Number of protein chains: 2
Amino acid sequence: MVEDSTLRSPGRRLTKQRRLILRILESRRDHPGALEILEEAKKVQPSISLGTVYRNLKVLAEQGVIKEISTLGEGSRFDAQPVPHSHLVCRRCGKVIDVPFDLSETLDAEVSKQTGYLSVSHALTFYGVCPDCATEAERKRGWATERDEKSEEG
Amino acid sequence: MVEDSTLRSPGRRLTKQRRLILRILESRRDHPGALEILEEAKKVQPSISLGTVYRNLKVLAEQGVIKEISTLGEGSRFDAQPVPHSHLVCRRCGKVIDVPFDLSETLDAEVSKQTGYLSVSHALTFYGVCPDCATEAERKRGWATERDEKSEEG
DNA sequence: GTCTAAATTGATAGAGGTTCTCAATTATTT
DNA sequence: AAATAATTGAGAACCTCTATCAATTTAGAC
């Protein structure tokens, strides 16, 4: 659990909304999106708005206490787990699961040094089709192609 | 250059628009977005539409001949270079440059085996602030913070 | 504790990127 | 050449996310 002191920096004020959003994220392992976070936050503070959720996710990511995960088209998911790891995103439903493997963070400094880019971080993301989204034909073949589901409809 | 035969598969027809879009992408090393591709495509075929560009980029990515790069908020960029490598994306302007380093593709099969996900691929993406976007203060410090530019405005 | 300045909130409008719809066209199969 | 189905072009629609702004709340000074 990230301490309040970590969340307070010059020009930044720690509101109960921001702390709530972080706590929700810390308590979950399912990488929720902004809407799901909003839903859970409303159980505690019904007046909270979507804009506040987005703004705070952005601030928390800037502070480095959470990570944004790109799903390539389903809206970002977020992760507040402290142990570095990578993600496996379903190409069809956007679901995200953890992969217990990541690159050394010293690589970020190395890339920064070689390119002149500042504040370098990285994301190692795998993309695939999850068992729930794969069709029978795809499972049999062990390979997902795009239009199998269409031919199975009829 | 990817051969036409590679682009023809059951239930798929190779149009001149699709080939054009791929050729444009193959000829460039600057990771254009859909709009930039549209712009260049119009020089050859002025009637081509944005929807066609998006549809074909999606198909080509499904066929595995191009890669979609997530910029986390600036719209996807695309890459048709054959040699595996990773990307460094500027958090402020979305510009993408190559990083000549990537993971072994055997890792994809490994992840697939362990998780049951099909068609697993991966993206190793670095995020940072490019020299053009970094402020003087950030460059001096060697570290980009979020609101330095604000305090420099006045 | 009270006061002040500035960050943040909630509500909602707006922007940007991407997808959908559908009639017309075009690539492939027979 | 004809039939079949994928693809196109045009534009509306969609969805995620950001901007705006008055009202509120936090952090620091007194």
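Chain letters run A, B, ... following the sequence lines, proteins first, then strands; residues in each count from 1. If you're wondering where the values come from, they're calculated on a predicted model, not measured in any experiment.
- Rounded to a whole Å, the CZ atom of B:Arg91 is 17 Å from the P atom of D:dC17.
- In this structure, the CG atom of A:Leu7 is 15 Å from the C1' atom of C:dT8, given to the nearest Å.
- As rounded to whole Å, 16 Å separates atom C1' of C:dT18 from atom CG of B:Leu60.
- To the nearest angstrom, P of C:dT25 lies 20 Å from CZ of B:Arg18.
- Using a cutoff of 4.0 Å between basic side-chain nitrogens and carboxylate oxygens, B:Glu62 and B:Arg12 are scored as salt-bridged.
- The interatomic distance linking B:Ile37 (CD1) with C:dG17 (C1') rounds to 14 Å, in whole Å.
- Using a 4.5 Å heavy-atom cutoff, the side chains of B:Met1 and B:Arg23 are in contact.
- The phosphate of C:dG17 (OP1 or OP2) has no side-chain N or O of B:Ser76 nearer than 4.0 angstrom.
- Between B:Asp79 and B:Gln81, the closest heavy-atom pair is OD1-N, 2.7 Å.
- Put simply, A:Lys58 has a side-chain N or O that comes within less than 4.0 Å of OP1 or OP2 on D:dT18.
- One atom, CG of A:Leu38, and another, P of C:dT12, lie 14 Å apart when rounded to the nearest Å.
- The side chain of B:Gln17 places no N or O atom within less than 4.0 Å of a non-bridging phosphate oxygen (OP1 or OP2) of C:dT26.
- Pairing each heavy atom of B:Glu40 with each of B:Ser27, the nearest pair is OE2-OG, 4.4 Å.
- Between B:Asn56 and B:Leu20, the closest side-chain pair of non-hydrogen atoms is not below 4.5 Å.
- Between B:Glu62 atom CD and C:dT19 atom P there is a gap of 10 Å when expressed in whole angstrom units.
- At a threshold of 4.5 Å between non-hydrogen side-chain atoms, the residues A:Lys67 and A:Ser121 do not count as touching.
- A salt bridge does not link B:Asp98 with B:Arg77: every distance from a Lys NZ or Arg NE/NH1/NH2 to an Asp or Glu carboxylate oxygen is 4.0 Å or more.
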Where do N or O atoms of nucleotides 27-29 of chain C meet protein N or O atoms at under 3.5 Å, pair by pair?
| from | atom 1 | to | atom 2 | distance (Å) |
| --- | --- | --- | --- | --- |
| C:dA27 | N3 | B:Arg13 | NH1 | 2.7 |
| C:dT28 | OP1 | B:Arg8 | NH1 | 2.6 |
| C:dT28 | OP1 | B:Leu14 | N | 3.3 |
| C:dT28 | OP2 | B:Arg8 | NH1 | 3.3 |

Acceptor/donor pairs from residues 42-49 of chain A side chains to any protein atom, 3.5 angstrom cut, sequence neighbours excluded:
| from | atom 1 | to | atom 2 | distance (Å) |
| --- | --- | --- | --- | --- |
| A:Gln45 | OE1 | A:Ser47 | OG | 3.2 |
| A:Ser49 | OG | A:Thr52 | OG1 | 3.4 |

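- Residues of residues 42-56 of chain B having a heavy atom closer than 4.0 Å to DNA chain C, listed by number: B:Leu50, B:Tyr54, B:Arg55.
- Regarding B:Glu74, its CD atom lies at a distance of 11 Å from the P atom of C:dG16, rounded to whole Å.
- Side-chain contact between A:Ile66 and A:Val2: absent, with no pair of heavy atoms (C-beta onward) separated by less than 4.5 Å.
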